[in-house]
Engineer: 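So that we are looking at the same thing, I have put the structure below in C-alpha cells.
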Amino acid sequence: MASGGPPQPRPPHPQQQQQQPQPPPGGSPATPMTHLRPPSLAGSAFHGLFHTPPSHNPAFQIHMGASSSPQTPLMAAAAAQSAKRPPQKPPVRPPAPGSTSAAAAASAAAAYKAAAAAAAVANSGGVDLTPAARRNKKRKLPEKQLPDRVAALLPESALYTQLLEFEARVDAALARKKVDIQEALKTPPSLQRTLRIYVFNTFANQGPRGIPPPKNADPPTWSLKIIGRVLEDGAELDPASVVPKHNPVYPKFSQFFKRVTIALDPSLYPENPLIIWENARSAAQQEGFEVKRKGDKEFVANIRLEMNYSPEKFKLSQPLMEVLGVEVDTRARVIAALWQYIKAKKLQNPNDPSFFMCDPQLKKVFGEDKLKFAMLSQKISQHLSAPPPINLEHKIKLSGNGASGSACYDVLVDVPFPLQKEMMAFLANTEKHKDIEACDEVISASIKKIHEHRRRRAFFLGFSQSPVEFINALIASQSKDLKLVAGEANRNIDKERRADFYNQPWVEDAVIRYLNRKPANEGPGGGAGGS
C-alpha cells in the first residue's frame, strides 16, 4: 500500500464494464455522478490512509484520497465543520511489509465496515448498545380471574365468578375481624379472681431433741415452700391434696409478683439471711418458690410479696378513698371514677364546662372550691402511692407429720380474659392458611392452563379462517421480534445502502471514534495486519 500521495486511477473491472449504463438513443454519454461522492479529505487525518475499494456499482465508489471534483453546498458545510473541529488523529498503524493489492482491498473494505459501524453508533446516540424499542406492557390479569374471552366461551364459568365474589366477601370479613381482635388485644379485658397462697414447710433427718445424731447420718434440713393457685368460681378442691393442680389457662404464680423477699433468722443464718427474687431478672415464670437450708431449730420466717399489677395500680389516699370507695386501682380508672362522680353530683360548671365545683368531700381531696378538668390528673398524683406489699409470717416447724404449719392466704388478682390466648393463637396461627394457599396454587395453575388453551384455540381458529393472511401476519410479527432481539429495530437498512447516507457531516467524526475504540494490535480488517 503506497502512502503519502493520492491513489492512482485503475482500469475498470471487466464486470464493471459490462454494467456501465448505456447512453440513451440520441443522447449524450452518461456523466459521472460526482454529487454522490463524499467530501474531500485532503488535509484531514484520513488523507492517504485508505485506497479506493473496488465496487461493482460506479455510483457507490468511495474515494478517500484527494479529489478534484467540485464541492456541493452540503460538502462545503461538512468541510467547514471539519475545519472548526479540533484535530483528532486515529492511532497510527504502520503498514505491513510486503502489502499487496489484495491487502489494500481488504483494508478499504475494512474502512467501509468501519463507516457502517460508525453509522450504527451514531444512530444509537454514541453508545455501543442499541436500545430496544419500547413495548407496551400488557395488563396482567389476576391469577384467579378468568378473562372475558374465556367467560364468553364457557357459560359455566359464571359459577366460578360467583365463588370468587363470595371468597372476596369472606376475606374482607376475616380481615375486619382480625383488626377488631388486634384492637381488643391492645387493651385486653381482665377478670378478677382469687389467688390462694399456700405456705408450709417440710423437714428431713430431724432427730429427737437432746440426742446427738449419728456420725455418718445426713444433716437435718428443712424446706420452706410458697405456692399459689388461681381459684375458679364454683370449682371444688380436692381435700386429699395439699395444693391443687395448676390450671394452664391462668398465669403462673410468680407472674403476679414483682419481688419476693424471704427473711430468715440472722442469728441462725448470718451468712445469707435475705433471699430476694425479682421478676425482671427471671427468665421463666414459676409455679412457686422453695427455700432449703440445714438446721434443726425452729424460728419465724418473714415473707414479703410485692404485687405486679399490669397496668400499674396505686393506693388511694384516705380522703380520695372515701369519695370513690376503692382502695387500690389504676390511674385511668381513678380519673374515670371521679368523672362519673362529678356527673352524678352535677358539679360541672354550666357557664364554663371546663371547670367543676367541689362539694365538701372533694374539698377534702383538692382543697379548692372549683377546679379545671385539665388539672385533675395532676392534682390526684399526690393522692396516689405505691400499693403496700403483702407481709406474711410463717413459723418453721421441725416436728409433726407431713407438711407442717400449712397456711392459706387469699389475694384478689386480675387475670387475662380466658379467650385472650385463643385470640392471640388465632392471629398467630398460620397452619390453616397453608391449606388455603395450596388450594389457591391449584386454582392458579388451572387458570394458566385455561389461558394457554384459549391462546391455542385462537391461534388455530385464526389459521383456519384465513391461512394466508394469518401466516403473513405471523411472519411480520416474528420478524419484528427478531429485529428487537438483534438490536436492529432503529436501523434503516435502505438508507444505509445509499451513498448519501455516508456524505453526512457526522461520518468522519464517527469513523474516528470507532477506530479509537479498537485495540491497538487489531487492524481495521479485524486482523493483525493493520491498514
Side-chain angles (χ1 to χ4, degrees), residues 120-121 123-125 127-186 419 421-494:
V121 171
N123 285 340
S124 61
V127 295
D128 294 338
L129 298 177
T130 303
R134 285 187 177 181
R135 305 182 70 179
N136 295 329
K137 293 184 178 180
K138 295 182 179 179
R139 183 176 60 88
K140 184 179 181 180
L141 295 174
E143 295 182 356
K144 297 191 298 182
Q145 189 71 29
L146 283 175
D148 297 336
R149 297 180 181 179
V150 176
L153 295 175
L154 299 175
E156 296 84 358
S157 62
L159 296 176
Y160 175 74
T161 304
Q162 294 177 5
L163 288 176
L164 285 180
E165 295 175 356
F166 180 75
E167 182 186 11
R169 292 196 297 270
V170 172
D171 292 341
L174 286 177
R176 289 195 300 270
K177 290 299 180 182
K178 287 183 179 180
V179 172
D180 295 341
I181 292 174
Q182 290 173 354
E183 292 295 330
L185 290 178
K186 291 181 180 179
L419 294 179
K421 290 185 177 181
E422 297 181 6
M423 291 179 180
M424 298 178 66
F426 172 75
L427 294 178
N429 187 16
T430 57
E431 295 296 332
K432 296 180 180 180
H433 299 296
K434 291 181 179 180
D435 298 338
I436 298 176
E437 291 176 357
C439 294
D440 288 341
E441 290 179 0
V442 174
I443 294 174
S444 300
S446 302
I447 294 298
K448 290 180 180 179
K449 290 182 179 179
I450 292 175
H451 287 330
E452 182 65 25
H453 287 299
R454 185 196 63 80
R455 286 193 292 267
R456 291 183 180 180
R457 179 183 180 278
F459 181 88
F460 291 113
L461 185 62
F463 179 77
S464 63
Q465 292 176 354
S466 179
V468 177
E469 295 179 358
F470 182 82
I471 293 298
N472 291 337
L474 180 63
I475 292 175
S477 176
Q478 296 294 329
S479 177
K480 183 179 179 181
D481 293 342
L482 183 60
K483 288 181 179 179
L484 289 175
V485 172
E488 298 180 354
N490 294 335
R491 294 184 59 181
N492 194 335
I493 304 299
D494 295 336

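Side chains are part of it too, since the values below use all heavy atoms of this structure and drop only hydrogens, waters and symmetry mates. This is a predicted model, so every value here is computed, not measured.
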Engineer: Any side-chain heavy-atom pair from Thr161 and Glu165 closer than 4.5 angstrom?
Structural biologist: yes
Engineer: Which side-chain N or O atoms in residues 455-475 pair as donor and acceptor under 3.5 Å with protein atoms at least two apart or in another chain?
Structural biologist:
residue	atom	partner	partner atom	Å
Arg455	NH2	Glu452	OE1	2.9
Ser464	OG	Phe460	O	3.2
Ser464	OG	Leu461	O	2.7
Ser466	OG	Glu469	OE1	3.4
Asn472	ND2	Val468	O	3.3

Engineer: Enumerate donor-acceptor pairs with a distance under 3.5 Å from any side-chain N or O in residues 169-179 to protein atoms, sequence neighbours excluded.
Structural biologist:
none

Engineer: I need the Ile443 CD1 to Glu441 CD distance, nearest 0.5 Å.
Structural biologist: 11.0 Å
Engineer: With rounding to the nearest 0.5 angstrom, report the NE2 to OG distance, His451 to Ser446.
Structural biologist: 11.0 Å
Engineer: Distance from Ile450 atom CD1 to Ile447 atom CD1, nearest 0.5 Å?
Structural biologist: 4.5 Å
